[in-house]
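Lettering of chains follows the sequences in order, A, B, ..., and the numbering in each one begins at 1. The structure presented is a predicted model; accordingly, all values stated were derived computationally and were not measured.
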There are 2 protein chains.
Amino acid sequence: MELIKQYIENNKQRLLDELFELLRFPSVSADPKYKADILKTADFVAKKLCDAGADNVEVCATAGYPIIYGEKIMDAGKPTVLIYGHYDVQPADPLELWNSPPFEPTIRDGKIYARGACDDKGQFYMHVKAFELMMQTNTLPCNIKFMIEGEEEVGSSNLAIFVKENKEKLKADMVLISDTSMISMEHPSLETGLRGLSYLEVEVTGPNRDLHSGVYGGAVANPATILAKMIASMHDENNHITIPGFYDKVVELTAAERTALNNAPYDEAEYKTDLGVDELWGEKGYTTFERTGTRPTLEVNGIWGGYTGEGAKTVLPSKAHAKISMRLVPNQTSDEITRLFTAHFEKIAPKAVKVKVTPHHGGEPAVTPTDSIAYRAAQKAIKTSFGKDPIPTRGGGSIPIVSLFEAELGIKTVLMGFGLDSDALHSPNEKYDIFNYYKGIETIPLFHKYFAELSV
Amino acid sequence: MELIKQYIENNKQRLLDELFELLRFPSVSADPKYKADILKTADFVAKKLCDAGADNVEVCATAGYPIIYGEKIMDAGKPTVLIYGHYDVQPADPLELWNSPPFEPTIRDGKIYARGACDDKGQFYMHVKAFELMMQTNTLPCNIKFMIEGEEEVGSSNLAIFVKENKEKLKADMVLISDTSMISMEHPSLETGLRGLSYLEVEVTGPNRDLHSGVYGGAVANPATILAKMIASMHDENNHITIPGFYDKVVELTAAERTALNNAPYDEAEYKTDLGVDELWGEKGYTTFERTGTRPTLEVNGIWGGYTGEGAKTVLPSKAHAKISMRLVPNQTSDEITRLFTAHFEKIAPKAVKVKVTPHHGGEPAVTPTDSIAYRAAQKAIKTSFGKDPIPTRGGGSIPIVSLFEAELGIKTVLMGFGLDSDALHSPNEKYDIFNYYKGIETIPLFHKYFAELSV
């Protein structure tokens, strides 16, 4: 522990400067115009892995952006940790809402403001530096493999292929990912699950053209009204989702799990004030943590139809649309829920309209066991560096690759994230606290240490 | 009659060219960006009235767009007809659905395709040309006054003020308007009633910012879902409107009125085929004619909220909006219905959201007598030019100024429209048959002739 702190202290400025170099690359995977920058970012990551002491470093070509691989095999007999991260970032717009340039990292009261500061450059780079630390101090207690991709923000489709084709190379005992959040530095936590996703777009067509709402109003089905009725019918008065079979595979949490989950600090008044709402709204019989972490949901992400411009247009629209996504919990599968939704939506559509359902993309839910050696190692590492046991939490978001690794490599993941919900991921003024960055570099070697010890 | 046909024959092309010139002005009153075009349209109309032989032509300034006035007083002793029309048009979007540019009139098998071709440029311009015809052939049998406004599609609020302030100038025995439809050229008809209108915009606000639908989904009210529920609740299972007090003043038609109304030719199969729907949809216990002509309705004219772009964005929107309009029948008043809607909408909003209701514009319903000299003159004119008695019908649309004229000027209106329901008013590919245009120019002088004769 002293050794770790000493190393960080001695290299404090350099560890920060290197992260800043990485953050200056505008590696926006969603926008082709950044292609050259993304390739430069990939080379930078590969070089830093080499410098840190990794062997067999490769910039692995894919149909999209390259995946950086690197490894250090100490001894085939020792356990192996696979580190996953991504060097691509979300688009930075709306640019006008940034207080400092998104690709010129700027420090304001102890926080690094830059696109990717937390998601995920700041977090995966902690692992590169922690690896360097262990190499430099001869304390790497296990084998380590890195897989850093460049398409996480656009669906990781080439990663799935890469993993399928490189099972041997990626062979490991567990996956370690820092791409999630803690409750706070005072309340360190570990995410023990993520929700899956089923995202669809629906179209309701009434008459074959927009009609004059006076001439035809009252005699022809209005697709906007019908869509509203269909959406309204998908939650009952207790906000349970009404799609037949939707909950069939959902496992209720045990009393113990619920207690553990709800032990996490939560101030409802503060939560409501932050969101500017007078009342919360959700499935009857569940707390906010349960609603966002352990229950499946159905949300309208977008809705549109008819005249949406200035002023008034007395039109009875021909079509109405909505983007609807469902967050899934363990045992629900994206394909099945997409099928159930589609069948239900088509079934409840009145004959006076035609409906079309188009699936966008999906991802599977995942829970990480809290009794595994890997989880216990993470727990112990955080306890040592933060002086407190981490609180197990359930993340409401989705990281589809977690279930991919389980399916293809047969290994579980530990989500040891050091971000905060307030880091504004995907939003303007994304930030990452310098404190969290160093804290991560300090905690990661402890994780490897305990994982190696507990694995014996 | 011969004289009329001859004049039209001799000027056929010019009569069409002038209408095309008028149709090329994008005089969209709902969108401020067309202001300059609308003012040009006003000047064009004024010039054409002068050319046709009108005296005292004025472009009368208002708080909004100008009203064009012009007159020809033959003899104070003769009856006076006030012609009303409007030179503004509905927005043209969605542009991509037009087969030819909305403001470049194009003829396809005998039909003029352009925004405003029928509503109302093509129809009011028939009166300007019929007036020219009567002047050129010295057959104007009565006094005539023109009042052509530029804000009909946005509620005619400044017309109301103009009429109140110019009662003497507008003094007349009746108002003649061509801004409605006939059943068909084989079944000429005259509308004897119009519905009123109450048009509002609603905004539902949930959280104070767009949220990540994974992190917050399930715990916070989604304004799009809430708006859908509120809209859905406004019609019951029989498609009756659920706003308390909404039907209180509605007078049921007598059995005789219903029979007369339903005697008009109507082919449901054809009606459905034209609209491309498998089933009709409306208030239980009423026929299509009754639903569109004699019953009040509530329609969603537009709805929007959240992410409506390409692909998928997992956002829980901060706001959702809708434009909602209600068509009113005799004894309902726009102000009262607007009040009832607003009170109800605010009452049914859950505490988890905030709602805002903004009235756009309204208009009162009107019924025109079928026993007046003016109506009989119109009947006779149509009988002469079409060879058939017109069928009395109830229009579903609204021309708020009809009740305004009755209240302020104490005179009744005759709705002698030459459009067709299939003219796609307010829709892409609005059209007006060349045949109807000429037929109107032929019928209007006959109306003036008979009105003068019957008035003696």
Side-chain angles (χ1 to χ4, degrees), chain A residues 195 199 206-222 224-225 228-229 231-232 275-283 288 291-292 295 297 299-316 320 323 325 327 351-352 360-361 396-398 421 426, chain B residues 30-31 90-91 154 195 199 206-208 213-222 224-225 228-229 231-232 275-283 288 291-292 295 297 299-308 312-316 323 325 327 351-352 360-361 396-398 421 424-427:
Chain A
R195 292 195 287 189
Y199 198 119
N208 53 16
R209 61 186 187 271
D210 285 0
L211 301 175
H212 186 300
S213 65
V215 177
Y216 291 94
V220 181
N222 181 323
T225 309
K229 282 180 176 292
I231 288 171
L275 298 173
V277 298
D278 297 334
E279 264 189 21
L280 296 180
W281 178 270
E283 192 179 8
T288 292
R291 288 166 172 175
T292 58
R295 298 294 295 172
T297 61
E299 295 290 346
V300 176
N301 304 110
I303 186 166
W304 69 102
Y307 182 69
T308 60
E310 274 300 301
K313 187 178 181 200
T314 50
V315 66
L316 191 161
K323 292 178 193 274
S325 65
R327 295 284 171 170
K351 285 198 180 53
H360 268 303
H361 63 76
S398 307
D421 281 352
H426 298 206
Chain B
D31 189 339
Q90 279 278 312
V154 290
R195 292 195 287 190
Y199 198 117
N208 53 16
S213 67
V215 178
Y216 292 95
V220 182
N222 182 323
T225 309
K229 282 182 176 289
I231 288 171
L275 298 173
V277 298
D278 297 335
E279 264 189 20
L280 296 180
W281 177 272
E283 191 179 8
T288 292
R291 287 167 171 174
T292 58
R295 297 294 296 171
T297 61
E299 295 289 347
V300 176
N301 304 110
I303 186 164
W304 68 102
Y307 182 70
T308 61
K313 190 177 179 197
T314 50
V315 64
L316 191 162
K323 293 177 192 272
S325 65
R327 296 284 170 171
K351 285 198 180 53
H360 267 304
H361 63 74
S398 306
D421 281 352
L425 310 188
H426 299 204
S427 307

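With a threshold of 4.5 angstrom between heavy atoms, E310(A) approaches chain B through its backbone and through its side chain. Heavy atoms closer than 4.5 Å to chain A are found in both the backbone and the side chain of Y307(B). Contacts of D31(B) with chain A are absent, with no heavy-atom separation under 4.5 Å from either backbone or side chain. For R295(A), no part sits under 4.5 Å from any heavy atom of chain B, backbone or side chain. Only the side chain of K323(A) comes within contact range of chain B, judged by heavy atoms closer than 4.5 Å. With a 4.5 angstrom heavy-atom cutoff, Y216(A) touches chain B via backbone and side-chain atoms both. Of the two parts of E299(B), the backbone and the side chain both hold a non-hydrogen atom closer than 4.5 Å to a non-hydrogen atom of chain A. Neither the backbone nor the side chain of V154(B) has a heavy atom closer than 4.5 Å to any heavy atom of chain A.
In terms of heavy-atom proximity, T225(B) sits nearest to V300(A) at OG1-CG2, 3.6 Å. Between S213(A) and R327(B), the closest heavy-atom pair is OG-NH2, 3.1 Å. Contact between G218(A) and T297(B) at its shortest, heavy atoms only, is CA-CG2, 3.5 Å. Across all non-hydrogen atoms, the minimal contact from I303(B) to A224(A) is CG2-CB, 4.2 Å.
A donor-acceptor contact shorter than 3.5 Å is absent between the side chain of R209(A) and the backbone of L275(B).
Interface check for chain B: of the options G302(A), A219(A), G282(A), A320(A), the most heavy-atom pairs under 4.5 Å are formed by A219(A). The candidate from G305(A), G309(A), G306(A), P207(A) with the greatest count of non-hydrogen atom pairs under 4.5 Å with chain B is G305(A). The choice from I231(A), V215(A), T288(A) that makes the most heavy-atom pairs within less than 4.5 Å of chain B is V215(A). Interface check for chain B: of the options A228(A), G276(A), S325(A), the most heavy-atom pairs under 4.5 Å are formed by A228(A). Chain A forms more heavy-atom pairs under 4.5 Å with one residue of V277(B), D278(B), L280(B), V315(B) than with any other, namely V315(B). Residue with the most contacts toward chain A among A424(B), G397(B), G206(B): G397(B) (heavy-atom pairs, distance under 4.5 Å).
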From CA spacing to verdict: side chain to side chain contact (heavy atoms under 4.5 Å, CB included), L316(B), N301(A): CA-CA 6 Å; L316(B) 191 162; N301(A) 304 110; 5.9 Å; no
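Taken to the nearest 0.5 Å, the CG atom of L211(A) stands 5.5 Å off from the OG atom of S427(B). Taking CG from D210(A) and CG from L425(B), the interatomic distance works out to 12.5 Å, rounded to the nearest 0.5 Å.
The side chain to side chain donor-acceptor pair (under 3.5 Å) check on H360(B) picks up E201(B), with sequence neighbours excluded. Looking at residues two or more places apart in sequence or on another chain, you find a side chain to side chain contact (heavy atoms under 4.5 Å, CB included) between A352(A) and A221(A), E279(B), W281(B).
H426(B) and T314(A) share a side-chain donor-acceptor pair at under 3.5 Å.
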